[in-house]
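Here is the structure we will look at, set down as C-alpha cells.
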Amino acid sequence: MSALPSASETVRAVLAREVTADQVIQEALGRAQAAGNLNALVSLNDHAAAQAAEVQQKVEAGEALALAGLPIVIKDNINLSGTRTTCGSRILGNYVSPYTATAAQKLLDAGAVVIGKANMDEFAMGSSTESSASGPTLNPWDQARVPGGSSGGSAVAVAANITSVALGSDTGGSVRQPAALTGVYGLKPTYGRVSRYGLVAYASSLDQIGPFARTAQDLALLMNVIAGHDPLDATSLQAPPQFRAGTPDDLRGLRVGVIRESLQGNTPGVEQALQDTIDALRTAGATVGEVSIPELKYAIAAYYLIAMPEASSNLARYDGMVYGQRVQGSDLLESMTLTREQGFGREVQRRIMIGTYALSSGYYDAYYSKAMKVRRLIADEFSAAFRQYDVLLTPTSPFPAFRRGEKTSDPLAMYAADVDTVAINLAGLPALSVPAGFEVVDGVRLPVGVQFIAPALQDERLVALAGGLEGVGAVKMEVAPGY
Ligand code: GLN
C-alpha cells in the first residue's frame, strides 16, 4: 500500500475539494480492516460515515476547518459519546461513554473523524499492550514483538498506515515508548497543556494526553487543536498553543544536554541512533554537552510509588455499582469483591494492592511520602539542568521492541522499560520521542527513538526542533514494511 498522505496534506485536499471527507474516511476504515490482524483497534466508530458527511457539508458551506475530514484514532481510555470506552479492561467491557473528552471534542469541532478506539494495556498500566482484555497489539515491524505501551494501539495505527495521526495518553512513557518502538513521533505535553477532562484517570498527577504523528507539521497541526485551557480541568493551564514545524534554523545555537545517567545499558542500535542525532545536531550548529541528573536512579521507584497509590484511589470507583460490569454476589460486599476480582486483570490488581499498602498508615511515610520528596528533587535537578541547556536528550527506551511474553512474568523487568521516560512525568515536563534509526535484531530491522525534553510550557520548542531535524535528514521515518 502506498504511504498515507500526512494529516496536513489530507486536510488540504479535503478543503480544496480534491477529495471528499466521506472518501477519506471510507479509505481509512478500509485500511483499519486490512490491518486487522495487528489488533491495533478495539472498536470502530459506527457513526464515522455520518460524521464524515456532516464535515463534508461544512466544507461545502465554506468552513475552513483545521482538521477537515481527517481520520484519527484515539486511545480507548478517552471518552467519546456513544462509543465503548473499555480501557482495555473486562470491568468496562460494556461501558458506553455518555460524554466526550475535551481533547476529543476539540478534534471533532475542528472537523476530524474518530474512526476507532485504540488498544491499550489495561487502564494504561504497562509498557507492551499485552495486558488488554482485547488481546495484545502486534508490532508491524515484527509481529512476534510488542509495540510498546500502554498506547500501543495508537502507535501501531500510525506506524502501520491506518491513520496519519492518533491520540494516546502518557503517565510514565505510554506515548513516547510505543512511538519509539514503532518508529513514529510521540509527544508528551507539559502537565496541564492538554485537558484531562474525559481521560479515564490512572495516576492523575502524571497523566497527559499526547499525539502520535509521522511529521513535525502534523504534530503542530494536532497540538494547535487539542492544547489549551479547559474550565472542566482545574489543572489545565492558560497557555494558548503556538505550534509550528521548525526548520534547520531552529537548531543553530541550540544548547543540547545529553543526560549522562541515560547513557548506560543501551543496546548498540540505540547508542548509534543517539550518536547519529548528536552528530546531526552539531553539524546543524547546535552545541551538545553532557549533564548529570543523579536522582534519576530513584525515578522508577518513585514513579511506581506515586502512580500505584494514585491508581488504587482512582480505581476504587469500579465496584460494579455504577460503571461497567457487575458480578452479582449474595450481598453488597460479595458483589463488589467478585466484580473487582473478575473484572480487573492481574497487573491492575497488583497495583491496587501495592498502592493501597504504600498509602496505609505506618507505611505512608516510608513509601508514598518519601517518593514525593524524590519527585521534588528530580524536578529541581531538571530545573538546574535547564539553566545550562535549552533541551535535554536521552534515548526513549534502552532497547528496541522486545518479544511478546518476554517480560510478562517479571513485573520489575516490565517497569524497567520506562527507565528513560518516567522522570519526565514526575517533573511535569514536555518530551518528544523522535524516530532516530534502526537496529537489526535476529535479522529483523526494528525502529529506535531518542527523546528530547524541554522546560515546562516549551512544548513548542520540541516540535520546532523536530522540524529542524527533518530538514537535516536526521529523522528516520518509515512506514512499517508491508503497510
Ligand atoms: N509503563 C508505565 C506504567 O505502567 C507507564 C504507563 C503510562 O504511561 N500510562 O505505569
Side-chain angles (χ1 to χ4, degrees), residues 74-78 87-89 118-132 136-137 146-155 166-181 186-191 194 196 199-212 299-315 344-355 358 371 375 396-399 401-402 406-408 410-433 449 451:
I74 63 177
K75 190 175 181 177
D76 206 26
N77 58 355
I78 300 174
C87 294
S89 184
N119 203 5
M120 56 186 280
D121 278 303
E122 186 176 6
F123 282 105
M125 299 173 188
S127 309
S128 65
T129 317
E130 289 171 286
S131 71
S132 170
T137 295
V146 305
S150 64
S151 314
S154 305
L167 290 189
S169 69
D170 189 313
T171 305
S174 281
V175 166
R176 290 160 288 158
Q177 185 254 16
L181 271 46
L187 175 67
K188 197 291 267 185
T190 300
Y191 183 76
V194 177
R196 289 181 297 113
L199 168 69
V200 177
Y202 158 18
S204 310
S205 77
L206 302 160
D207 298 338
Q208 265 295 285
I209 290 175
F212 293 88
I300 288 272
Y303 167 80
Y304 280 98
L305 282 173
I306 290 169
M308 292 186 190
E310 290 192 27
S312 73
S313 157
N314 273 326
L315 271 57
F344 290 136
R346 282 179 64 83
E347 182 59 26
V348 173
Q349 292 186 9
R350 176 179 2 254
R351 292 185 185 209
I352 291 172
M353 287 189 277
I354 296 175
R375 180 179 196 172
T396 309
S397 158
F399 35 71
F402 45 94
E406 194 177 315
K407 298 186 195 290
T408 36
D410 183 353
L412 288 180
M414 190 69 90
Y415 302 166
D418 307 316
V419 64
D420 293 310
T421 49
V422 294
I424 284 79
N425 302 70
L426 290 174
L429 302 173
L432 174 67
S433 182
Q451 168 178 251

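When a ligand or atom number is given, it counts from 1 through the structure's own listing order. In what follows, residues are counted from 1 in the order of the sequence shown.
The atoms of ligand 1 that sit less than 4.0 Å from any heavy atom of Gly172 are 5 (C), 7 (C), 8 (O). Below 4.0 Å from some heavy atom of Asp418 lie the following atoms of ligand 1, by number and element: 1 (N), 2 (C). Those atoms of ligand 1 that come under 4.0 Å of a heavy atom in Met125, given as number and element, are 4 (O). The distance from ligand 1 to the heavy atoms of Ala124 drops below 4.0 Å at these ligand atoms: 6 (C), 7 (C), 9 (N). Near Ser150, the atoms of ligand 1 lying under 4.0 angstrom from a non-hydrogen atom of the residue are 9 (N). Interface of Asp170 with ligand 1, defined as ligand atoms under 4.0 Å from a residue heavy atom, comprises 8 (O).
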Report task. Mind running side-chain contact (heavy atoms from CB on, under 4.5 Å) on Tyr202 and Glu310 for me, showing each step along the way? Result -> CA-CA 7 Å; Tyr202 158 18; Glu310 290 192 27; over 6 Å; no

Query - Thr171 and Tyr303: CA distance, side-chain angles, deciding distance, side-chain contact (heavy atoms from CB on, under 4.5 Å) verdict - result: CA-CA 9 Å; Thr171 305; Tyr303 167 80; 3.6 Å; yes

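For the residue pair Ser89 / Glu122, a side-chain donor-acceptor distance below 3.5 Å is found, with atom types taken as modelled. Residues Asn119 and Thr137 bring a donor and an acceptor atom of their side chains to less than 3.5 Å of each other.
In this structure, the side chains of Leu181 and Ser397 come closer than 4.5 Å at one or more pairs of heavy atoms. Two residues are said to be in side-chain contact when any heavy atoms from C-beta on lie closer than 4.5 Å; Phe123 and Glu347 fail this criterion. Side-chain contact between Pro411 and Arg350: present, with at least one pair of heavy atoms (C-beta onward) separated by less than 4.5 Å. The closest side-chain heavy-atom distance from Leu199 to Asp207 is below 4.5 Å.
Contacts of Tyr304 with ligand 1, taken as heavy-atom pairs under 4.0 Å, involve the side chain alone. When heavy-atom distances to ligand 1 are checked against a 4.0 Å cut-off, Met308 has no atom that comes that close, whether in backbone or side chain.
Summary of contacts: the protein heavy atom closest to atom 10 (O) of ligand 1 is Tyr202 OH, 2.5 Å. Of the protein's non-hydrogen atoms, the one nearest atom 7 (C) of ligand 1 is Ser174 OG, 2.3 Å. Of the protein's non-hydrogen atoms, Tyr303 OH, 3.3 Å is the one closest to atom 5 (C) of ligand 1.
For Lys407 and Phe399, the positive end sits near the middle of the six-membered ring, less than 6.0 Å away and at most 45° from its axis.
Between Arg351 and ligand 1, at least one N/O pair is under 3.5 Å apart.
Ligand 1 is approached by Gly173 to a heavy-atom distance shorter than 4.0 Å.
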